[in-house]
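Here is the structure we will look at.
Note on naming: letters A, B, ... go to the chains in the order of the sequence lines (proteins, then strands), and numbering restarts at 1 for each one.
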Amino acid sequence: MATINLSPLRTSPSLCSRSSRSPQNAPKLSLYSHPRPSLTFPSISLKSNSTAKPRALTITFAHKNLSETELVSVPPEAEDVAGKLPSYAGVYAVYDQNEELQFIGISRDIAASVTLHRKSVPELCCSVKVGVVDDPERTALTQAWKSWMEEHIKATGKVPPGNETGNTTWVRQPPKKKADLRLTPGRHVELTVPMEELIDKLVKESKVVAFIKGSRSAPLCGFSQKVVGILESEGVNYETVDVLDEEYNYGLRETLKKYSNWPTFPQIFVNGELVGGCDILTSMYEKGELASLFKK
Amino acid sequence: MGSRGATVVLSRASRIKAKLQSALEATALEIDDVSYQHSGHAAVRETSEGETHFNVKIVSPKFEGQSLVKRHRLVYDALADELQSGLHALSIVAKSPQEAAAKK
């Protein structure tokens with residue numbers, strides 16, 4: 001039997017945490033805080049369901065068993081989905097045209113999530129079963145998801161194909177929010193290689209490196225923030241190093257200034273060469289020169 | 001001590017202006033002290049001086065045919081002493097006279 005991943009992280013795009021900081025040593029957890037503009041999902045209002053819910057639609061409200069829940073066909077037009085499905089938090093199961101279960105997900109806004117699925121895989125997203133979860137706590141949602149998954153597995157002996165590990169049809173992998181790189185193992189550990197060499201190696205081995213103040217998920221200076229924003233919007237794979245990290249990058253600021261012959265931060269390197277600071281990056285971004293630079 | 005602003009001690013802004021003027025033969029030069037926008041910013045607290053961040057707009061014939069990095073380096077080189085003594089960041093717009101004219 002295929003393994004399934006019971007982590008709620010894998011369940012629905014709209015449930016991904018937007019505010020958590022990536023744990024430094026667990027980049028695979030991909031909690032991301034700044035989704036790239038091209039990948040943002042429609043904003044999902046949590047407020048609308050905090051008040052009394054109008055309970056007039058024909059679909060299931062309290063979350064029932066999967067088998068007891070009525071199958072609802074997904075309207076082909078995106079704008080009709082919201083009228084037919086609830087914009088509430090809950091669990092949903094997606095069926096293809098042969099009424100084969102494809103995927104079970106949870107969402108803060110079922111209608112929005114189903115709309116996205118319908119758009120990305122129309123042939124696999126023909127009808128849905130939805131179960132609104134009254135208490136939209138993550139644990140309650142996960143619980144609802146687990147119960148549907150277990151029910152389906154019990155009944156069929158199979159995991160829905162979309163929930164199999166490695167299947168990315170339904171869950172858009174969030175852009176990996178990488179951890180900032182650390183140049184040293186710690187300030188009290190004696191370096192066997194001079195800091196300059198560490199810098200040199202890093203900038204030459206990575207396509208794009210930004211030395212910034214603060215972390216990439218929370219830059220501490222406006223210029224650094226702008227640089228991260230530009231690199232994110234260019235969709236380029238880049239590394240960041242926090243020059244203010246006195247524990248793991250101790251002494252970096254002074255060494256980097258000498259190495260690059262550039263007195264301020266942030267500093268952006270592409271293919272081992274200093275491109276400049278925030279001003280130059282911004283100016284190149286505005287002139288549309290960055291894409292070609294990153295292609296080299 | 002504490003006599004910044006007195007005529008004897010030139011402000012950093014005017015020192016920057018003088019240095020850029022002479023080193024780069026600037027034909028146009030604008031300097032704005034924007035330190036207030038960065039007060040309280042992590043790396044500024046360690047410096048006691050108030051003048052840490054400036055916007056510099058400079059037009060110099062020495063920028064002709066130079067890349068942006070080189071232009072910025074010329075500016076930074078001219079201000080090496082200031083950067084040593086608490087000048088923290090510059091926002092630089094560096095144009096050659098030709099480019100400056102084309103803009104208008």
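Sparse packing is recorded around NZ of B:K57, with 12 or fewer heavy atoms of other residues, nucleotides or ligands lying under 6.0 Å away. For A:K257, the NZ atom is densely surrounded, since the number of other residues' heavy atoms within 6.0 Å is greater than 12. Heavy-atom contacts from other residues, nucleotides or ligands closer than 6.0 Å to OH of A:Y250 number 12 or fewer.
Contacts between A:S283 and chain B at a heavy-atom distance below 4.5 Å involve the side chain alone, from C-beta outward. At a 4.5 Å heavy-atom cutoff, B:L79 makes no contact with chain A through either its backbone or its side chain.
Under the 30°/60° scheme for interplanar angles, the aromatic rings of A:W262 and B:H72 are found to lie parallel.
Residues A:T264 and B:H88 share a closest heavy-atom pair of CG2-O, 3.4 Å. Minimum interatomic distance between A:V275 and B:V69 (heavy atoms only, all atoms of both residues): O-CG2, 2.8 Å.
When A:I280, A:T282, A:L274 are compared by the number of non-hydrogen pairs under 4.5 Å with chain B, A:I280 comes out ahead.
Between A:E289 and B:L68, the closest side-chain pair of non-hydrogen atoms is not below 4.5 Å.
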